[in-house]
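In what follows, chains are A, B, ... by sequence order, proteins preceding strands, each numbered from 1. As a basis for the values below, the full set of heavy atoms in this structure was taken, side chains included, without hydrogen atoms, waters or symmetry mates.
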Protein chains: 4
Amino acid sequence: MSVNKVILVGNVGRDPEIRHLDKGVAVARFSLATTENYTSKTGEKVSNTEWHNVVAWRGLAEVVEKYVKKGSQLYIEGRLRTRDYDKDGVKHYATEINADTMQLLGRREGQTETVGQPMQTESVQSVNEPDFSQPEEDDLPF
Amino acid sequence: MSVNKVILVGNVGRDPEIRHLDKGVAVARFSLATTENYTSKTGEKVSNTEWHNVVAWRGLAEVVEKYVKKGSQLYIEGRLRTRDYDKDGVKHYATEINADTMQLLGRREGQTETVGQPMQTESVQSVNEPDFSQPEEDDLPF
Amino acid sequence: MSVNKVILVGNVGRDPEIRHLDKGVAVARFSLATTENYTSKTGEKVSNTEWHNVVAWRGLAEVVEKYVKKGSQLYIEGRLRTRDYDKDGVKHYATEINADTMQLLGRREGQTETVGQPMQTESVQSVNEPDFSQPEEDDLPF
Amino acid sequence: MSVNKVILVGNVGRDPEIRHLDKGVAVARFSLATTENYTSKTGEKVSNTEWHNVVAWRGLAEVVEKYVKKGSQLYIEGRLRTRDYDKDGVKHYATEINADTMQLLGRREGQTETVGQPMQTESVQSVNEPDFSQPEEDDLPF
DNA sequence: TTTT
DNA sequence: TTTT
């Protein structure tokens, strides 16, 4: 009965930190910047950058490890999660984005790496030339 | 390298149609109405309703069968898909929303049914879903 | 070149707090709960509730003041924003959701109030909003 | 009481068509491809491309005219709208995405164009080079 | 065809 | 602190 969804497109601030927990579970953490630019009422150009703490687990963490680095432009879909922790006896809260899906955006031509993961996309061929030859299921309208 | 996502909150127009394909795969289809209300530049109140063709498969279709009926208010997350079909020798196109997740909203007090499903459906989401049962790494903040 | 978007459907924990700043600007704040239910690998039913700090400004704050109360089910679309503040000489961070649009969901039959607002709020959306009153170009298909 | 939202990240199939209606209102139309790649149960790699008919109005259409061309990678947020039209005496339906916001993604270094529009974003500087000179918070985790 |  |  509820929805908790975050959608971000931004750039990674530093190379991700990867940790491998017991049982081989991988966790990746990185900061993602989103910048909002607008003109204020007084006519000034304002630029406001938010830094988001992103966490990815397991297979997605491994994709992060292989393909994400400082400067990468990413599409992230995830969930908000706020944790509390103690620091010098004071309770603090930290909100992070638990990533569910990720897309690497705007890879440059020079880049040869390929995402060999069941993430979403690949065949560049189809980007501008869809395969219309695919037979549609049947002939029934909705 | 791409995202195809639809998010709808609306009301179901008629009781869903359910079909059971070979091998026990269930498919549910229904129309969902979203209504946009606004005031035009000339000051008139305008109401515009869109009808969306929603399709759900497998486990999600079964949830639809059990809990969705005419008038239900739903949150739907899915993907756009356009099919072509032949009708009287003329090619037509139909765009539908392939549902990935669903939430029943605003159930009224008289209703006693309960959705006993995690309702994350169609595998896509759960693929990258972290294992919440895992112990959090340690006691470090972030 | 970036996207910072949050979509929530949840319930309001307490009646919102409304403040009227100088110049008549209204600000509303409230907590919204989202609950995730799932079954762990060990077969246990787990329920995890997140509390989100939502902030609404101006016209949207006034809608909140009129129609939102403890228990209300809401759809919220907004942006993440993390602020830092000092508490007893210690720096803390707080992440909040700056609401851009809101929908009251699942109002029950007994409720007679009606939201008499277009509720698109905070200008952002309406900036790029097409003029629906315009005649559609012609009768040509795409 | 409803939400009708589409979020797409994809590539433009051909240079957009721009029309200027009476009163100087601009309309831009283009097709956007999203491709879904997955491995079927039988182990085959499957690639499915969807083509989305996107329409932008007014200021957003002018941004399209200036900066979008065949191959552009875009983030689009909009609403679904289905229109009917007559063709040879037969009623057809066409579903399009009415764009509300747009982001140009992954522009390469060689590209010098700059988005000079009050859309959302501005500082091109941050497109491929977010402002890493920002002091990372401090000694906080993450 | 829904809903408010 | 909500809700189912």
Side-chain angles (χ1 to χ4, degrees), chain A residues 1-4 82 84 93 142, chain B residues 8-17 29-38 45-54 63-64 66-76 97 102-119, chain C residues 8-17 29-39 45-54 63-64 66-76 97 102-119, chain D residues 1-4 82 84 93:
Chain A
M1 295 308 150
S2 62
V3 174
N4 173 358
T82 298
D84 55 5
Y93 293 90
F142 198 78
Chain B
L8 302 174
V9 175
N11 295 278
V12 175
R14 288 189 201 145
D15 286 351
E17 295 172 28
R29 290 175 178 276
F30 57 90
S31 285
L32 190 79
T34 59
T35 302
E36 192 171 16
N37 295 288
Y38 60 96
K45 298 224 167 186
V46 184
S47 180
N48 177 43
T49 295
E50 287 293 322
W51 286 98
H52 309 274
N53 298 322
V54 180
V63 174
V64 169
K66 281 190 198 144
Y67 302 109
V68 174
K69 51 177 190 279
K70 178 176 172 174
S72 295
Q73 187 183 37
L74 300 182
Y75 170 93
I76 292 282
I97 287 92
M102 188 181 76
Q103 300 281 345
L104 288 114
L105 303 172
R107 290 184 292 143
R108 298 191 180 80
E109 307 201 47
Q111 293 178 309
T112 50
E113 315 107 279
T114 306
V115 175
Q117 286 293 108
M119 239 186 340
Chain C
L8 302 174
V9 173
N11 294 277
V12 175
R14 289 188 200 144
D15 287 351
E17 295 172 29
R29 292 178 176 272
F30 58 90
S31 286
L32 190 79
T34 58
T35 302
E36 192 171 15
N37 295 288
Y38 61 95
T39 303
K45 298 226 167 184
V46 184
S47 179
N48 178 42
T49 295
E50 287 294 322
W51 286 98
H52 309 274
N53 298 321
V54 180
V63 174
V64 169
K66 280 189 198 147
Y67 302 109
V68 175
K69 52 177 186 281
K70 178 177 174 176
S72 295
Q73 187 183 35
L74 300 181
Y75 169 94
I76 293 280
I97 286 93
M102 187 181 77
Q103 301 279 345
L104 288 113
L105 302 172
R107 290 185 290 144
R108 299 193 180 79
E109 307 200 48
Q111 292 178 309
T112 50
E113 318 105 278
T114 308
V115 174
Q117 285 293 108
M119 238 183 342
Chain D
M1 295 306 151
S2 62
V3 174
N4 173 357
T82 298
D84 54 5
Y93 293 89

Practice prompt. Could you list the residues that satisfy salt bridge (Lys or Arg N to Asp or Glu O under 4.0 Å) with C/Arg29, not counting sequence neighbours?
Written response: C/Glu96
Could you check how far [atom1] of [X] sits from [atom2] of [N], rounded to whole Å?
X        : N     : atom1 : atom2 : answer
C/Arg29  : F/dT2 : CZ    : P     : 21 Å
B/Asn11  : E/dT1 : CG    : P     : 16 Å
B/Lys66  : F/dT4 : NZ    : P     : 20 Å
B/Leu8   : E/dT1 : CG    : C1'   : 16 Å
B/Glu50  : E/dT4 : CD    : P     : 20 Å
B/Leu105 : F/dT4 : CG    : P     : 12 Å
C/Tyr75  : F/dT2 : OH    : P     : 25 Å
C/Gln103 : E/dT4 : CD    : C1'   : 11 Å

Discussion item. Just to verify, what does D/Ser2 make a side chain to side chain contact (heavy atoms under 4.5 Å, CB included) with, not counting sequence neighbours?
Written reply: B/Thr34, B/Thr35
Discussion item. Using side-chain heavy atoms (C-beta onward) and a distance below 4.5 Å, is B/Val68 in contact with B/Met102?
Written reply: yes
Worksheet, complete the sentence: Distance col, row B/Asn37:CG vs B/Lys45:NZ, nearest 0.5 angstrom, shows 8.5 Å
Worksheet item: Quick one: which of F/dT3, E/dT1, E/dT2 gets closest to the side chain of C/Thr35?
Response: F/dT3
Fill in: Aromatic stack C/Trp51/F/dT1: centroid gap under 5.5 Å, interplanar angle under 30°
yes
Discussion item. Just to be sure I understand the rule, does C/Ser47 reach a base, reach only the sugar-phosphate, or reach nothing, if contact means heavy atoms closer than 4.0 Å?
Written reply: nothing
Worksheet item: Is the base of F/dT2 touched by the side chain of C/Thr49 through a donor-acceptor pair closer than 3.5 angstrom?
Response: yes
